[in-house]
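Chain letters run A, B, ... following the sequence lines, proteins first, then strands; residues in each count from 1. Because only heavy atoms are used, hydrogens play no part in the values below, and waters and symmetry mates are left out as well, while side chains stay in.
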Amino acid sequence: MAIIAHIDLDSFFASCERVRNPDLADSGVVICMFSGRGQDSGAVSAADYTARDLGIHAGMPISQARQLASDTGRDVAFLAADKPFYKEVSERVMDLIREHVDRIEVASIDEAYADLSHVDTYDAAVNVMQRVRQEIREQEDVTASAGIGPNKLVAKMASDQDKPDGLTTVPPGTVSAFLADMPVKELHGVGPKTADRLQELGASTVRELRDISVQRLVTVFGETRGIALHEKAQGEGSEILEEREKKQLSRIETLPENTRRMSDIRPVIRKLSEDVIGRVENHDMRYKRVAAIFVTAELERQTRSRTLKAPTRSVETLFRTAESLTTDFLETHPDVEVRRIGVRAAAFDSGEQQTLDRFQQE
DNA sequence: TTCATGACCTC
DNA sequence: CCTTGTGTCATGAA
């Protein structure tokens, strides 16, 4: 049976900032996405454990976080997120992990799953992971938490058990007991909405979820999600995927002020289109579908999309299509003001298809 | 089947 | 003066 590890870099963005600025050693660190409207508008992207103790957490408005910090009088640094820098550190860490294991699935900028099936005992797996964590600490000066189990689901939940800087092992025989008393909302993929609906069915814990039949779950949640919930309750996880193909790429940004003037919105669409195309090119992809994303003054999110006749990687096509979707949207919604605007490319075709497509086009 | 959009999740 | 940014999946209509 497989042995899988989940590695989670502890309050990663904040740790990265500490690495390049030792002055931050003794203060709390809050990483912010400033939206550019007014002093402190924007949201908290990440908070270190000191800040979390003050009640600050990801998603919270920056102004509110600042209030919490000043209330307690603690020293807390509020820094703008520097994604490219964190990405560099992340890539070095992932490479380092890769040297110790056969296969790795990079789940996000600060998380990865590793296949440890080349070792044959959990003791050996623990040794490998302690070495990996030590190297990460020595070479990048950031700590990592890890979980080891028979699959991704269990490994991930195990890594959550002892944070920061911990390691938890859940061998196959102990999975059932490990999960039984866990609240269902701690299962990966079960958010507040699903947790509420499960509670209505009488399942607050995994043990209770386990007692609901698949049929029942499918009736309530639909085929895909129902079966997935059932499997999670049994402690079954999916396979490691070393590279999974991107299905869409998007950028969204807050406008300086709510508006419905194209002269305000157009230049932002232009910039976002260029950013998205940059990434489309990096992946050597061609997109066939374009979407414009609108967040209204009331914070409601809407999208409008259009499928192209042929795949392309043109920035002009992306820009003009998004622009056209936006004017359409404004025309059909005479009363809405736009707060945030986004551009998405999707329905990718890999570069190989190029000659064929071109042939069809001409 | 394809297309368009909203629900939902995570951070 | 108030919340970012990115992604996957389900669903209903054409």
Side-chain angles (χ1 to χ4, degrees), chain A residues 8-14 30-48 51-52 56-67 80-81 83 86-87 90 107-111 156 160 184-198 218 220-229 232 238 241 244-258 272 275-276 279 283 288-309 321 325 328-329 332 337 339-348:
Chain A
D8 194 330
L9 304 171
D10 301 316
S11 42
F12 180 56
F13 295 177
V30 176
I31 306 300
C32 306
M33 306 283 327
F34 292 103
S35 67
R37 330 176 132 201
Q39 184 74 303
D40 274 345
S41 73
V44 170
S45 170
D48 72 350
R52 282 184 219 184
I56 297 170
H57 57 81
M60 169 181 281
I62 295 166
S63 53
Q64 197 179 328
R66 260 206 221 278
Q67 191 60 52
K83 225 30 186 325
Y86 312 147
K87 184 76 183 165
S90 168
S108 72
I109 195 166
D110 64 353
E111 274 178 62
K156 165 129 178 120
D160 278 335
V184 288
K185 66 168 174 292
E186 289 189 19
L187 289 170
H188 195 50
V190 175
K193 305 269 183 181
T194 309
D196 282 352
R197 289 166 73 191
L198 283 174
V218 167
V220 176
F221 294 97
E223 181 102 13
T224 311
R225 305 205 57 206
I227 292 175
L229 276 170
K232 281 171 188 171
S238 51
L241 281 175
R244 65 156 163 256
E245 300 200 338
K246 283 257 182 285
K247 302 200 170 157
Q248 54 174 245
L249 290 169
S250 67
R251 278 276 281 125
I252 179 166
E253 195 169 279
T254 304
L255 297 161
E257 56 187 17
N258 297 348
L272 297 176
D275 285 358
V276 169
R279 284 188 285 158
H283 291 268
K288 218 182 152 189
R289 183 149 56 236
V290 177
I293 304 155
F294 311 97
V295 176
T296 67
E298 285 72 37
L299 294 178
E300 277 171 16
R301 188 191 189 89
Q302 299 229 26
T303 62
R304 290 295 179 271
S305 66
R306 189 175 299 159
T307 304
L308 308 176
K309 295 258 187 323
T321 309
L325 287 163
D328 288 355
F329 177 79
T332 52
E337 287 203 302
R339 179 188 175 92
R340 307 176 61 211
I341 182 79
V343 174
R344 172 163 73 217
F348 296 122

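Among the nucleotides C/dC2, C/dT3, C/dA10, the one closest to the side chain of A/S63 is C/dC2. Which of C/dT4, B/dT5, B/dC3 sits closest to the side chain of A/T254 comes down to C/dT4. Across C/dT4, C/dC9, B/dT10, the shortest atom-to-atom separation from the side chain of A/T224 is found for C/dC9.
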I would like to know whether A/R279 and A/R251 meet side chain to side chain contact (heavy atoms under 4.5 Å, CB included); could you show each step before the answer?
CA-CA 10 Å; A/R279 284 188 285 158; A/R251 278 276 281 125; 3.2 Å; yes
Side chain to side chain contact (heavy atoms under 4.5 Å, CB included) evaluation trace for A/E186 with A/D160
CA-CA 9 Å; A/E186 289 189 19; A/D160 278 335; over 6 Å; no
Does the pair A/D328 and A/R304 meet the rule for a side chain to side chain contact (heavy atoms under 4.5 Å, CB included), with working shown?
CA-CA 9 Å; A/D328 288 355; A/R304 290 295 179 271; over 6 Å; no
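Here B/dC11 presents its C1' atom at 11 Å from NE2 of A/H57, a figure rounded to the nearest Å. What separates CG of A/L9 from C1' of B/dC11 is a distance of 14 Å, to the nearest Å. Taking atom CZ of A/R279 as the reference point, atom P of C/dG5 lies 12 Å away to the nearest angstrom. A/F294 places its CZ atom 17 Å from the C1' atom of C/dG5, with the value rounded to the nearest Å. One interatomic measurement links the two molecules: CZ of A/F348 to C1' of C/dT8, which rounds to 13 Å at whole-angstrom precision. Counting to the nearest Å, the C1' atom of B/dC3 and the NZ atom of A/K309 are 13 Å from each other. Atom pair A/F34:CZ and C/dG5:C1' shows a separation of 16 Å (rounding to whole Å applied). At whole-Å resolution of the value, CG in A/D40 and P in C/dC1 are 10 Å apart.
At least one side-chain heavy atom of A/F348 sits under 4.5 Å from a side-chain heavy atom of A/L249. A/R339 is listed as a side-chain neighbour of A/L299, based on a closest heavy-atom distance under 4.5 Å. Looking at heavy atoms from C-beta onward, A/I109 lies in side-chain contact with A/K83 at the 4.5 angstrom threshold. Annotation: side chain of A/K156 is in contact with side chain of A/E111 (closest heavy-atom distance under 4.5 Å). Between A/T303 and A/F294, the closest side-chain pair of non-hydrogen atoms is not below 4.5 Å.
OP1 and OP2 of C/dG5 both lie 4.0 Å or more from every side-chain N or O belonging to A/S45. Between A/S41 and the phosphate of C/dC2, there is no side-chain N or O to OP1/OP2 separation shorter than 4.0 Å. Residue A/S35 places at least one side-chain N or O under 4.0 Å from the OP1 or OP2 atom of C/dT4. Between A/R340 and C/dG5 there is a side-chain N or O to OP1 or OP2 distance below 4.0 Å. Note on A/S250: every side-chain N or O is 4.0 Å or more away from OP1 and OP2 of C/dG5. In this model, the phosphate group of C/dT6 is not approached by any side-chain N or O of A/K246 to a distance below 4.0 Å at OP1 or OP2.
For B/dC8 and C/dG5, the P atoms lie 23 Å apart once the distance is rounded to whole Å.
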Look for any protein N or O under 3.5 Å of an N or O in nucleotides 6-8 of chain B and output each such pair with its distance, or none.
{"unit_1": "B/dG6", "atom_1": "OP1", "unit_2": "A/Q302", "atom_2": "OE1", "d": "3.2"}

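Heavy atoms of A/E111 sit under 4.0 angstrom from primed sugar atoms or phosphate atoms, though from no base atom. If you check every strand for non-hydrogen atoms under 4.0 Å, A/L249 touches sugar and phosphate atoms only.
Mapping A/N258 and A/R251 onto DNA chain C by nearest heavy atom places A/N258 closer to the 5' end of the strand. Residue whose closest nucleotide on DNA chain C sits further toward the 5' end, between A/E253 and A/Q248: A/E253.
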